[in-house]
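So the structure is just underneath, and the comments pick up after that.
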Amino acid sequence: MMRPTAVARWSVQIAAFGLLIYGGFLVKAALGRSVLPGVSAPAGAYSSNTLPQQSIAWAPGDEPAFNFYPPGAACRFNPGGGLFKACIVHMFSENLTWRTPLKYLSLYLFLFVLLAFLFGRAWCGWICPLGTLGDALTGLRRLLHIDHADFSGGFRKALRICSYGILAPTLAVSAFIGMPAFTPYQCYLFLPYCQVCPARLLCPLFGGRTSTLADFTNGISSFLSIASWVVLGLFVAAFFLGRRIWCHLCPIGLVNSWFNRGSPLELRKDQVRCNRCAACADACPMGLDHVVRKKGKAVLNEPGCVLCLRCVDACPRDSCLSVTFWGKQLIQSKYRETHS
Amino acid sequence: MATKVVVLSDGKAVGKALVNTGTDPRAAGAEALSQALGQAGLQECELPRIVTGYGRVVANNGARTITEILAAARGAHCVAPLADGVIDLGGQDTKVIKLGPDGTVADFIMNDKCAAGTGRFLELMVSALGVDFDGLGDLAAAAAKPARINSTCAVFAGSEVVSLIARSVPESDIAAGLFASIASRIAALATHVGGAGRYAFIGGGAKSPAMKKALESALGKEVIVPDDPQFVVALGAALSAAQP
Amino acid sequence: MAAEDLKLRERALALFAARDGRPAALEYFEDAVRSEDISAGDGPLLGVFCNFVPAEVVEAAGAVPVRLCSGSVVAQSVGEQMMPRDTCPVARATFGAVAGGFGLASRVRAVVVPTSCDAKRRLAEFLSDYVPVLSLSIPPRNDYRTELPYWVSELERLAEGLSRITGVTPTRARLEAAILRRRARQDAFRDLGRARLRYPHVLAGSDLALVAAAAFAAESSRWAEATRRLASEVRTLGEARPRPADFVPLVLTGAPLLWPAWKLYDVIQSAGGSVVADTLCSVTQGLDDPVQVDDWSRAGIMRALALRYFAASLCPCFMDTTALTDRVFELVHDWKAQGVVAHNLRLCQLAEMQSARLRHILRDKGIPFLAVDTELGTEDVEQVRVRVEAFMEMIRERPCAQR
Amino acid sequence: MLAPAAGAYAVKGFCAFAPGSVASAENLRMLTVGGTCEEVSATVHAAASWTDGSVKLAEIAFAFEAGRDGPTYFWVEWGSQVRRAKPGPAALQSLSQTLYFEEAEVPSPDFDLGAGTLLVRVERHPDLWYYAYFVPTAAILGLLVWRKARLGR
């Protein structure tokens, strides 16, 4: 009984996963070289080639194919660099530390803002490789007929606040260690969030590199390795039991969420056709219920919504929910027969 | 309960007749028709005719039928062109009709099926006070302060009246109270259809000035009472019959 | 008495069967309302009232749900011997049907009574003298955020009670099977709906009501097949005969029109109107909303059932009835209806007050509205006829632009 | 791409060294590549030092006359014998535009820690082109904010 939207989403997610993780090899094989010039670290400063964990050092030629930062990207530490350079949080951190003049970032900022504006958090729901892995975990749970855990709205709000609590210090610390006086601390604090981000463990792993998994060369790196395992454990548990509850915490998702409301990609509802059955709320992997709750609101792009469109699939009323891009309707809810 | 006939000749009512229906609407209809024709100085001939009211189903003799709501609207619009609302206080039931600009029915509401708030209610009360219908009106005119009669159900109101008499409330006040209670019912119906600027008040009940007075105070505005208000519905039917 | 009840039903069937050019596929439904579709092999019968009782749970517990809500005046007169006269006619009739052992009511192993309105609450007690009663308590607000946990627990209670009666526990697998089986009904009914939306003039309102009344007491898969057949026949007939010029589609709302008390259908149809859509719990409400399961775990299934049978309900017993008014607007728009008729069953305050509000809301939108106060019996048919015919005249007089 | 005007730039950059390889900032100098390899006047100071006092991270700054497009290469030479002769250019602070030099080649793992040379590259980045991207970015952000406001909460 798979709904068309679900099928489309799974295909896109799997394709995107493959491209983001392995696409780097292919494109570079074709073009021979990175397409956009990257912003490179001042020589000798800690670049992402030389993290505190020496094991994460890049082999030469590990540069990504497209040297920029889309709203949904594989991790920087992919072997072969993946298709794109890194996530937006990585970009902010490393360039704050390097104190790169803003002008050198303008192109990357432009591309990010453009893509985030066009598709909002659909990047989280359809592209993000972590989300894809998480949805696979959820699928496993469904196969086992285990019910998902339900998290209260208050808890979700708390997670959102926490994600600010991750993003802000990450940027602050990165800026701090960029000041000449504090450069020595770079060896401990460079790319603070990356140290514990589950993507730093998972994406390289799928790229065939295990070296990022553990590093006990010194106390700091050992501590960070263990910390990252703990976070990874939380990540797996969250996705297995709590559907996409993790995405309320993710700082990348937070940055994307600023573009969700106001994006031309809109989730719309025709109030008169709603029968309040709340099937949409039951189906929402982010645990949101605004689709049934919001009365007399046409556009339902909440910051938390990853536009996975499960609600549109779940809605049994014809043309009650619909998705439009700049006013043009892409899909709409309709009753689907299971028999016949 | 009465059967009325209006005979229309180039837009003017040339013959009117009112016959008590009794138990045989067919006979009453035929009788009233011949009376009206006689008054108009015509012979029984094939006039286009329309039958309306509750009798329309049994006593139409193959003639076209319309409901009394439409007939009342047509008739009222003819006799009181300025009215955009019609209040029909008949024997069987009470209607409030909201008229469109061209005299069509925009909305209407009728009392629910029991006799509450209808002419029948008044007739029953008359017997309770031992006066005739006009006498009831005269009494009400002399009322100092109308008694309050809460129940609109004919049966309960009857006992209520009796108890008022027992409490030696002046009959005039009771009479006025009865009119007031019906008027308030009608006013409630009027608000249900959204109210109107100016009402035409028709039907047998409209003949009583006391009823008109009570209704005007309940609605808070003047109402137009045409001459022979009880014939307006029949007139409306005749007007419809005149149209091919 | 039971014999009289049968006579009454046969008369009603004959009345509506008289209409010529009626789809032949309706025969199955006529047999079904004669309660001939439930065979002894299907399992123990379990009487249910309202659409609040999840048939899937009943089936998963190994029983066959049959809806006992009755509109028979004969049964009503039986009920009056125990119940006070000025109580809900449906409660009286339904109680009478059980007490008098009319038709299926005589064969049920137990009944489930949701406490949707006051009459139902007491009805449960009256019935308990004759047959084992399971009651479902309905929260006053059908906001799933506040009431869902409680309602789910009520369903679990129901499941327990049922398994005590039948000896079968509604497991996850059984529930899933039941949901998929019952889903065939919604699929078929929606198919019929699409056919009718295309050719609204083929099927009379009374015919649709007949289809729904049959669903009260029919084995779901057979009912679904018959409905599919009807849908295809509607399409073929619709191709054959054009829509009449004086076709006046109406939307029917308010209190249920329970078989065989279909006076209102008769009057509306003889006055030239056609009920194309309704919000009645006796017709569309029970059939068109599916159970949308997102998570096929047992808890997930129970949640989905709760949402379908509770949050999606349009019953006026709930505090917030904007869903009902929204539905009326939707139906008027989709079916291009020219008027709305509200059925005020006497003594059903909820429906009556609801329609009083509806009158004002619809008036502001310029949609013609008629509220008909009536009872199960036919004694007031003339009063009803006057109102309905006047309503039809009013609609026909309206300039086409406003229709 | 649009190149900035030719002229004087302040060039900055960092070089990292293994412990003990560079005793102090004085044992480090910059040479032009090819020809006579004469020394470029540069200011060098240790941005970070190892525990033994040797230079960990040397910040090198010098003036660069950008005559032509494309990269220009310099040697960074270090060792105990190396002494920087020329003092740093005084005018460095007055130069508005700054470039960064990058290591031109990854040093082979088995090079002598005590002394050696390092090839660095200076390349002019096309400034104006970069600034141009801020215009559409600002436009999109403006559009976003406007749409948000129009939608309301």
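Keep in mind that this is a model prediction, so the values were computed, not measured. All values below come from the heavy atoms of this structure, side chains included, with hydrogens, waters and symmetry mates left out.
- Between A:F117 and D:L143, some side-chain heavy-atom pair lies under the 4.5 Å cut-off.
- Side-chain contact between A:S263 and D:R147: absent, with no pair of heavy atoms (C-beta onward) separated by less than 4.5 Å.
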Handout entry: Evaluation steps, side chain to side chain contact (heavy atoms under 4.5 Å, CB included), between A:F110 and D:V135
Key = CA-CA 9 Å; A:F110 166 65; D:V135 179; over 6 Å; no
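- Side-chain N or O atoms of D:K148 include none that pairs as donor or acceptor with a backbone N or O of A:G262 at under 3.5 Å.
- Remark: A:L114 CG to D:Y133 OH distance equals 12.0 Å, nearest 0.5 Å.
- Ranking D:T137, D:V145, D:L141 against chain A, the residue ahead of the rest is D:T137, based on heavy-atom pairs under 4.5 Å.
- Distance check: A:L102 CG to D:Y131 OH gives 8.5 Å after rounding to the nearest 0.5 Å.
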Practice task
Would you check, one step at a time, whether the test side chain to side chain contact (heavy atoms under 4.5 Å, CB included) holds for A:F259 with D:L144?
Solution key: CA-CA 7 Å; A:F259 294 83; D:L144 180 78; 3.8 Å; yes
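- One distance of note links CG of A:L118 with CD1 of D:I140; it measures 7.0 Å at 0.5 Å rounding.
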